[in-house]
Amino acid sequence: MESSEYDSSAVEASVRALWEERDVYRYDPGTYDADAAGQVFSIDTPPPYVSASHLHVGHAMSYSQADFVVRYHRMRGERIFYPMGFDDNGLPTERFVEQKYGIKAAEVPRAEFIELCMKETKTTAARYEDLWRRVGLSVDWSQTYSTIDPRCQATAQASFLTLLDAGYIRRSRDPILWCVECRTALAQADVEDLERKGRIHQIAFSAVATGKPLVIATTRPELLAACVAMYFHPGDERYAELAGTFARVPIFGHEVPIKADPSVDPEFGTGLMMVCTFGDVEDVNKWRQDALDLRLVLGPDGRFDQSSGPLAGRNVDDARRVALELLKSSGELLDSASVRQVVGVHERCSTPVEFQIRPQWFVRVMEHRDRFRARAAELVWVPESMKRRLDDWIDGLKWDWNITRQRHYGVPFPVWYRLDENAAPIQGDVLTPELSALPVDPSTDLPPGFTESQRGTPGGFTGDADVMDTWMTSSLSPQIHDGWAVSPAGSDPALAPMSLRVQAFEIIRTWLFYTVVQSEFHFGRVPWHTVMISGWGLNEQGKKISKRDLEKSVGADGFNRYVPDQVIARYGADALRLWATSARLGHDLRYNEKDVKVGRKLTVKLWNVGRFLDLHLDGLDPSVATPIPVADRSAVDRWVLAHLAETVVEATEAFDRYDFTQAHKAASRFFWSLFCDRYLEMIKDRFLDPDKHADSERLSARWTMREAYRSVLALFAPFAPFVTESLYQRFYAGQEKVVSIHVSSWPVVDESWKTDPSDIDQMVVILDAVRALRSERRLHSGTRIAALIVDPVSGAPAELAHAVAEPLRTASRADTVVFGSAEHPSGLEGIAVGIEP
RNA sequence: GGGCGCAUAGCUCAGCGGAAGAGCGCUCGCCUUACACGCGAGUGGUCGCAGGUUCGAAUCCUGCUGCGCCCACCA
């Protein structure tokens with residue numbers, strides 16, 4: 001038996017080897033029984049973007065939190081389906097590859113670019129998997145998926161075709177959000193706010209009829225080229241007479257109608273505004289509502305086109321500068337002022353979002369919002385307050401979900417368009433494959449009934465060149481797991497719906513929302529029973545952990561406290577995970593290295609109790625000996641079991657409501673202050689002073705500490721899986737004949753443990769007073785004292801004092817207990833104590 | 001502007017209707033045959049502010065203030 005200093009690296013490596021060798025975390029499909037469906041516990045985990053260049057301790061925190069819950073359920077005997085995926089298609093990966101290789105997707109042959117993407121995602125995914133294994137996530141790695149693999153492509157395409165058939169998807173030429181940097185369409189969820197300083201300009205138009213100046217305010221003078229109307233508030237008397245007349249646009253000279261609309265704020269600026277195609281959402285609304293002209297002047301590459309005169313060929317910033325110069329020299333720029341503005345930017349590259357018009361695939365979410373709200377209400381939310389975030393997002397939706405992206409690395413749309421005699425696509429004439437043929441790539445595969453020679457020819461066909469929004473695939477993670485699109489039998493009923501979705505709060509509006517959409521449209525139900533939302537691990541300043549933290553926070557010894565690999569090497573994965581126990585679900589937690597040290601101390605303490613057992617169990621062998629009935633054990637032994645019983649109940653109830661923080665606290669409180677600091681100290685005397693104690697007392701202690709330690713290890717197993725497994729293997733696995741503590745080993749309270757602990761509780765109060773006396777005299781706790789003097793008043797205190805005299809003597813390391821006169825208050829009413837060294 | 005969350009010991013955080021808590025830090029002891037990554041004893045808080053409900057409020061209600069996040073947004 002090894003019983004040396006704790007070496008986390010060695011212990012964790014050998015435990016990991018055991019898990020992998022025995023395949024402890026493999027999902028057991030078993031036999032599906034509808035009545036026993038609760039026995040499967042299935043988890044829908046977030047597939048991380050493999051392009052996120054580095055994982056930090058904050059990621060380790062949220063993934064660990066999911067693992068706590070999963071491990072608890074596994075220990076309760078449920079069959080765990082715990083897969084892990086990697087999200088490797090879509091923009092983030094492309095941008096990562098573009099940056100790493102210094103290329104632009106558009107300027108490299110498509111096949112070559114995709115090959116680079118695949119290569120990068122493979123190596124990064126392997127690195128992630130390795131880290132997650134070392135963190136101790138109890139994932140069944142045989143269930144791993146990648147959002148670009150054939151199964152996922154087939155699932156996404158099947159969803160698309162099914163939704164198209166059911167009328168949930170439309171193709172239309174709408175104004176769409178567009179990123180000129182990434183040169184692709186975006187969905188509302190891809191856009192975030194950026195606050196910045198801008199300038200607002202007063203610009204004079206002129207009334208066509210009278211030549212009078214009409215002054216508007218704008219932050220985007222370059223869009224004068226795209227101006228199609230001027231508006232004022234219908235109640236604004238200053239401009240009432242302008243209704244139905246026209247204004248002339250500066251620089252460009254075209255005439256635009258002047259109209260009234262209640263959405264205009266008469267207090268803002270001059271009370272007159274211009275509408276362009278398109279500067280913002282209001283422009284789009286008025287353009288639709290009043291059927292205004294279309295003057296699209298900004299191209300998909302972010303440059304002004306030939307119709308924009310002096311601005312032609314320029315990008316937005318350049319065009320703005322030129323427009324202002326022209327206005328200034330013509331005297332039409334009346335005023336400019338600084339203003340703080342908030343602009344919508346693409347969240348991946350922070351480029352301000354522009355508008356384009358082109359045919360796109362949209363999922364009709366707007367008209368079905370009530371259905372999504374109803375499903376959101378069916379879900380169990382942990383914490384409950386997070387439901388509001390989804391409700392608010394649904395309420396604030398403005399557009400249908402645009403699932404079209406003009407990129408290269410993604411799932412292609414499984415459609416072809418029939419071409420007319422000029423080889424132009426015929427609107428609405430869409431060719432689709434059989435579901436059984438999926439996945440298809442329309443750029444190389446053929447539509448049913450066509451030959452390759454007809455590709456791109458008059459009367460022939462052409463494949464859709466775009467790819468799907470990455471969320472189109474990841475929102476199908478439950479269906480990827482249950483085999484919906486690829487298994488002949490369809491969704492595995494044991495996995496549909498799933499038990500639990502785990503994720504952080506920032507992707508509620510994307511991943512969570514879109515998954516609800518898919519599940520509702522395809523199956524008319526929720527995708528999971530419960531959603532568990534974790535917070536973020538923040539840096540020491542309370543901010544999001546940044547790339548800078550990962551790169552710059554390096555000490556003189558080269559140690560970076562934010563890099564999980566380094567933290568694990570120094571303190572152990574158990575210690576890092578134990579830090580994550582202190583974050584309440586849905587709440588952020590500041591990361592401090594010292595808090596990992598606290599976790600480290602707990603793992604070392606658990607280990608050292610193992611050494612204590614090695615010394616004192618004295619070959620106790622449950623496989624041949626029979627335990628002493630609890631009723632026959634010493635009072636202190638019964639006492640510790642009574643508190644253990646309370647602890648197990650508390651931890652179990654906490655875990656059942658996903659409150660792993662309380663479960664950990666309960667275990668910790670019991671283990672440290674009751675089991676170690678009091679119980680083990682109290683029983684030591686039985687071993688160290690054998691003459692004063694009967695063999696039966698020692699045997700009672702041996703059985704009790706063996707049983708209690710078994711439960712302690714199990715209570716901590718979800719949090720610190722490595723050290724608890726190692727100790728379980730050392731002391732219990734052989735006798736219990738169970739491969740791992742992590743399987744069906746959650747502690748069970750024996751009814752006989754539930755005794756009244758109050759006598760010893762009170763004794764402990766007296767003991768504390770005795771310890772204070774010893775401390776005053778600078779005696780260490782091993783030093784024996786000649787006598788403990790107890791001075792109780794008659795009645796209940798005297799009865800108690802006599803009842804606990806012997807355990808109190810033992811715990812105090814006193815040779816005798818003397819009932820006599822003493823001065824020092826014990827902390828208990830009616831009892832004073834003293835010591836004679 | 002709307003919504004949500006948070007404000008408790010120097011720090012990180014529990015507690016959320018019945019006598020202010022933990023860990024870290026700090027002070028004083030103790031190298032005691034499980035553990036100095038330890039043990040014992042201490043220090044430290046008018047629980048953001050102001051009202052209200054209650055026999056009783058850190059805990060419930062109202063209003064402020066500050067911080068964070070989400071949404072909207074002023075052309």
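Letters A, B, ... mirror the listed sequences (proteins, then strands); counts begin at 1. Note that the structure is predicted; figures quoted are calculated from it, not measured.
- Nucleotide B:G56 forms a pair with no other nucleotide shown, judged by Watson-Crick or G-U wobble geometry with both contacts under 3.5 Å.
- Using atom P as the reference point in both B:A75 and B:G5, the two lie 31 Å apart (nearest Å).
- In this structure, A:Arg600 does not reach the B:C37 phosphate: none of its side-chain N or O atoms is under 4.0 Å from OP1 or OP2.
- Base pairing annotation: B:C30 forms a Watson-Crick or G-U wobble pair with B:G38, both donor-acceptor distances under 3.5 Å.
- Between A:Arg388 and A:Ala583, the residue anchored closer to the 5' end of RNA chain B is A:Arg388, taking for each the nucleotide with the nearest heavy atom.
- Between A:Arg590 and B:U12 there is a side-chain polar atom (N or O) within less than 4.0 angstrom of OP1 or OP2.
- Using Watson-Crick or G-U wobble geometry with both donor-acceptor distances under 3.5 Å, B:G66 finds its partner in B:C6.
- Atom pair A:Asp280:CG and B:C73:C1' shows a separation of 10 Å (rounding to whole Å applied).
- If you check every strand for non-hydrogen atoms under 4.0 Å, A:Asp193 touches a base.
- At least one donor-acceptor pair under 3.5 Å links the side chain of A:Thr661 to the backbone N or O of A:Thr581.
- Between A:Phe675 atom CZ and B:C39 atom P the separation is 14 Å, expressed in whole Å.
- Contact annotation: A:Lys544 does not reach the phosphate of B:C69 (side-chain N/O to OP1 or OP2, under 4.0 Å).
- Look at B:C47: it lacks any Watson-Crick or wobble partner with both distances under 3.5 angstrom.
- Among all heavy-atom pairs drawn from A:Gly610 and A:Arg730, the shortest one is O-NH1, 4.1 Å.
- Judged by distance alone with a 3.5 Å cut-off, no donor-acceptor contact links the side chain of A:Lys597 to the base of B:C37.
- A:Lys387 has no side-chain polar atom (N or O) that falls below the 4.0 Å cut-off from OP1 or OP2 of B:G3.
- One C1' atom belongs to B:C39, the other to B:C31, and the distance between them is 11 Å to the nearest Å.
- Among all heavy-atom pairs drawn from A:Met532 and A:Gln65, the shortest one is CE-O, 3.7 Å.
- Taking the six-membered ring wherever Trp is involved, the centroid distance between the rings of A:Phe612 and A:His616 falls below 6.0 Å.
- Within 4.0 Å (heavy atoms only), A:Asn592 reaches sugar-phosphate atoms of the nucleic acid but no base atom.
- Checked against B:G15, B:C35, B:A34, the side chain of A:Val604 finds its nearest nucleotide in B:C35.
- Checking the phosphate oxygens (OP1, OP2) of B:A22, no side-chain nitrogen or oxygen of A:Arg669 falls inside 4.0 Å.
- OP1 or OP2 of B:A34 has not a single side-chain nitrogen or oxygen of A:Arg611 nearer than 4.0 Å.
- Comparing B:C24, B:G15, B:C69 by their nearest atom to the side chain of A:Val598 picks out B:C24.
- With a 3.5 Å ceiling on both atom-pair distances, the Watson-Crick or G-U wobble partner of B:G23 is B:C11.
- Summarising the geometry, the separation between CZ on A:Arg220 and C1' on B:C74 is reported as 15 Å, rounded to the nearest angstrom.
- Nucleotides B:C35 and B:G68 place their P atoms 49 Å apart, quoted to the nearest Å.
- Atom C1' of nucleotide B:G40 and atom CD of A:Glu681 are separated by 10 Å, given to the nearest angstrom.
- Atom-to-atom distance recorded for A:Asp549:CG and A:Gln541:CD is 6.5 Å, nearest 0.5 angstrom.
- Summary of the strand contacts: A:Arg771 and A:Arg584 both lie near RNA chain B, and taking for each the nucleotide with the nearest heavy atom, the more 5' one is attributed to A:Arg584.
- Nucleic acid contact class of A:Cys676 (heavy atoms, under 4.0 Å, all strands): base.
- For the C1' atom pair drawn from B:G45 and B:G15, the interatomic distance equals 14 Å after rounding to whole Å.
- For A:Ser775, the side-chain atoms get nearest to B:A41 when compared with the rest of B:A41, B:C6, B:U12.
- Using a 4.0 Å heavy-atom cutoff across all strands shown, A:Leu589 reaches sugar-phosphate atoms only and no base atom.
- A:Lys684 comes within 4.0 angstrom of a base, heavy atoms only.
- OP1 or OP2 of B:C69 has not a single side-chain nitrogen or oxygen of A:Lys543 nearer than 4.0 Å.
- Around CZ of A:Arg657, the count of heavy atoms belonging to other residues, nucleotides or ligands within 6.0 Å exceeds 12.
- Dashed line: the shortest gap from a side-chain N or O of A:Lys398 to OP1 or OP2 of B:A72 is under 4.0 Å.
- Rounding to whole angstrom units, CD1 of residue A:Ile683 and P of B:A34 are separated by 11 Å.
- The separation of B:G21 from B:U43, taken at their C1' atoms, amounts to 16 Å, rounded to a whole angstrom.
- At the heavy-atom level, A:Thr661 lies nowhere under 4.0 Å from the strands shown.
- Side-chain contact check for A:Phe278 versus A:Leu223: every heavy-atom pair is 4.5 Å or farther apart.
- The same atom, C1', is picked in B:C47 and in B:A7; the two are 10 Å apart, to the nearest Å.
- Taking atom P in both B:G48 and B:C6, one finds a spacing of 12 Å when rounded to whole Å.
- The side chain of A:Ser385 lies closest to B:G5 when the candidates are B:A14, B:U33, B:G5.
- For A:Lys605, the listed nucleotide lying nearest its side chain is B:A34; candidates were B:A34, B:A75, B:G5.
- A:Val342 comes within contact range of at least one nucleobase, with a heavy-atom separation under 4.0 Å.
- Comparing the C1' positions of B:G17 and B:U54 gives a spacing of 9 Å, expressed to the nearest Å.
- As a whole-Å value, the separation of A:Tyr591 OH from B:C13 P is 14 Å.
- If you check the side chains of A:Thr647 and A:Arg669, you find no donor sitting under 3.5 Å from an acceptor.
- Checking the phosphate oxygens (OP1, OP2) of B:C39, a side-chain nitrogen or oxygen of A:Trp672 falls inside 4.0 Å.
- Under 4.0 Å is where a charged nitrogen must lie from a carboxylate oxygen, and between A:Lys544 and A:Glu506 no such pair does.
- Closest to the A:Thr218 side chain, of the nucleotides B:A41, B:A75, B:C37, is B:A75.
- For A:Gln188, no side-chain nitrogen or oxygen approaches OP1 or OP2 of B:C71 to under 4.0 Å.
- In this structure, of B:G38, B:A41, B:C35, it is B:G38 that holds the atom nearest to the side chain of A:Lys601.
- Using a 4.0 Å cut-off between a side-chain N of Lys or Arg and a carboxylate O of Asp or Glu, A:Arg702 and A:Asp618 qualify as a salt bridge.
- In this structure, A:Asp588 places its CG atom 11 Å from P of B:A14, rounding to the nearest Å.
- Remark: C1' of B:A72 and CG of A:Asn285 are 13 Å apart, rounded to the nearest angstrom.
- For the OP1/OP2 pair of B:C13 and a distance below 4.0 Å, the side-chain nitrogens and oxygens of A:Lys665 include no atom meeting the criterion.
- As the counterpart of B:A75, no nucleotide is assigned, since no Watson-Crick or G-U wobble pattern has both distances under 3.5 Å.
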